[in-house]
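Residue numbering restarts at 1 for every chain, and letters A, B, ... go by the order of the sequence lines.
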Amino acid sequence: MPSFTSPPDPIIFNHQVWEIVYQVPAGQVATYGQIARMIPAPEGVQAKAYAALGPRWVGSAMAKCPEDVPWQRVVNSKGEISLRPGAEHQRRLLEEEGVLFDERGRINLKIFGWKSSIDEPEQPHLL
DNA sequence: GTTGTGACATCGC
DNA sequence: CGCGATGCCACAA
């Protein structure tokens with residue numbers, strides 16, 4: 001199983017990802033892109049490359065996530081559970097946490113989207 | 001050495 | 001809002 005674009009320090013990066021996922025409270029979900037943006041690009045990695053690969057790095061990190069990590073709370077930007085065996089189980093776990101799914105099996109990120117501290121920029125003034 | 005793939009995001013119509 | 005196409009890196013066979 002390819003690590004899919006492992007950063008210079010995959011161990012460190014994965015740890016960063018897991019640490020963030022740990023911070024996701026039950027009943028809320030975070031997206032791969034959101035998590036990727038919360039982690040600074042490792043040295044030697046172009047910002048553009050990181051922008052394109054960050055989310056996937058997060059994905060690969062989740063592929064190796066320990067059981068302690070609530071990987072179930074990590075979904076794609078569409079608020080949908082990624083294709084993968086056990087998705088039904090994941091959905092069930094989220095429902096147990098109070099996360100509601102649309103008829104299409106998607107989560108309303110407007111409601112259940114995790115509000116990370118650093119990902120919550122100050123609201124711009126509408127001049 | 002080449003080919004294929006891999007838990008995604010974003011832009012355009 | 002939904003669908004289609006594109007971008008980018010590293011590892012494995």
For A:Glu95, all residues meeting salt bridge (Lys or Arg N to Asp or Glu O under 4.0 Å), sequence neighbours excluded:
A:Arg91
Distance check needed: C:dC9 P versus A:Lys48 NZ, whole Å only.
8 Å
Between A:Ile39 (CD1) and B:dA9 (P), how many Å, whole number?
14 Å
Specify the separation, in whole Å, of atom CD1 of A:Ile35 and atom C1' of B:dA9.
14 Å
Between CZ of A:Phe13 and C1' of B:dG6 the distance, given in whole Å, is 15 Å
Distances under 3.5 Å between nitrogen or oxygen atoms of protein and nucleotides 10-13 of chain B:
from: B:dT10; atom 1: OP1; to: A:Arg37; atom 2: NH2; distance (Å): 3.3

Scan residues 104-113 of chain A for pairs that pass side chain to side chain donor-acceptor pair (under 3.5 Å), counting only residues two or more places apart or in two chains.
none
Nearest to the side chain of A:Asn76, heavy atoms from C-beta on, is which of B:dA7, B:dA9, C:dC8?
B:dA9
A:Val75 versus A:Glu80: any side-chain heavy-atom pair under 4.5 Å?
no
Let me know the distance between CG of A:Leu53 and C1' of C:dA10, rounded to the nearest Å.
9 Å
Would you give the length of the straight line joining atom CE of A:Met62 to atom CD of A:Gln72, rounded to the nearest 0.5 angstrom?
9.5 Å
Say whether, by atom type as modelled, one donor and one acceptor occur between the side chain of A:Asn76 and the main chain of A:Gly79 under 3.5 angstrom.
yes
Partners meeting side-chain hydrogen bond (donor to acceptor under 3.5 Å, both in side chains) with A:Glu96 (sequence neighbours left out)
none
In residues 66-75 of chain A, what residues come within less than 4.0 Å of DNA chain B, judged by heavy atoms?
A:Trp71
Rounded off to whole Å, could you give me the CD-to-C1' distance for the A:Glu80 and B:dA7 pair?
12 Å
What integer number of Å spans the C1' atoms of B:dA7 and C:dA13?
23 Å
Please list all pairs meeting ring pair (Phe, Tyr, Trp, His ring centres under 6.0 Å) that have one or both residues in residues 9-30 of chain A, counting only residues at least two apart or in different chains.
A:Phe13-A:Trp57
To the nearest angstrom, the CG-C1' distance between A:Leu94 and B:dA7 comes to 14 Å
Compare all side-chain heavy atoms of A:Ile35 with those of A:Val74 and state whether any distance is below 4.5 angstrom.
yes
Taking the side chain of A:Ser82 as heavy atoms from C-beta outward, which of B:dA9, B:dC8, C:dC8 is closest to it?
B:dC8
Using the side-chain heavy atoms of A:Tyr32, tell me which of these nucleotides is nearest: C:dG2, C:dC9, B:dC8.
B:dC8
Is there a donor N/O on one and an acceptor N/O on the other, under 3.5 Å, for the side chain of A:Arg56 and the base of C:dC8?
yes
Residue pair A:Glu97 / A:Gln28, side-chain donor-acceptor N/O under 3.5 Å:
no
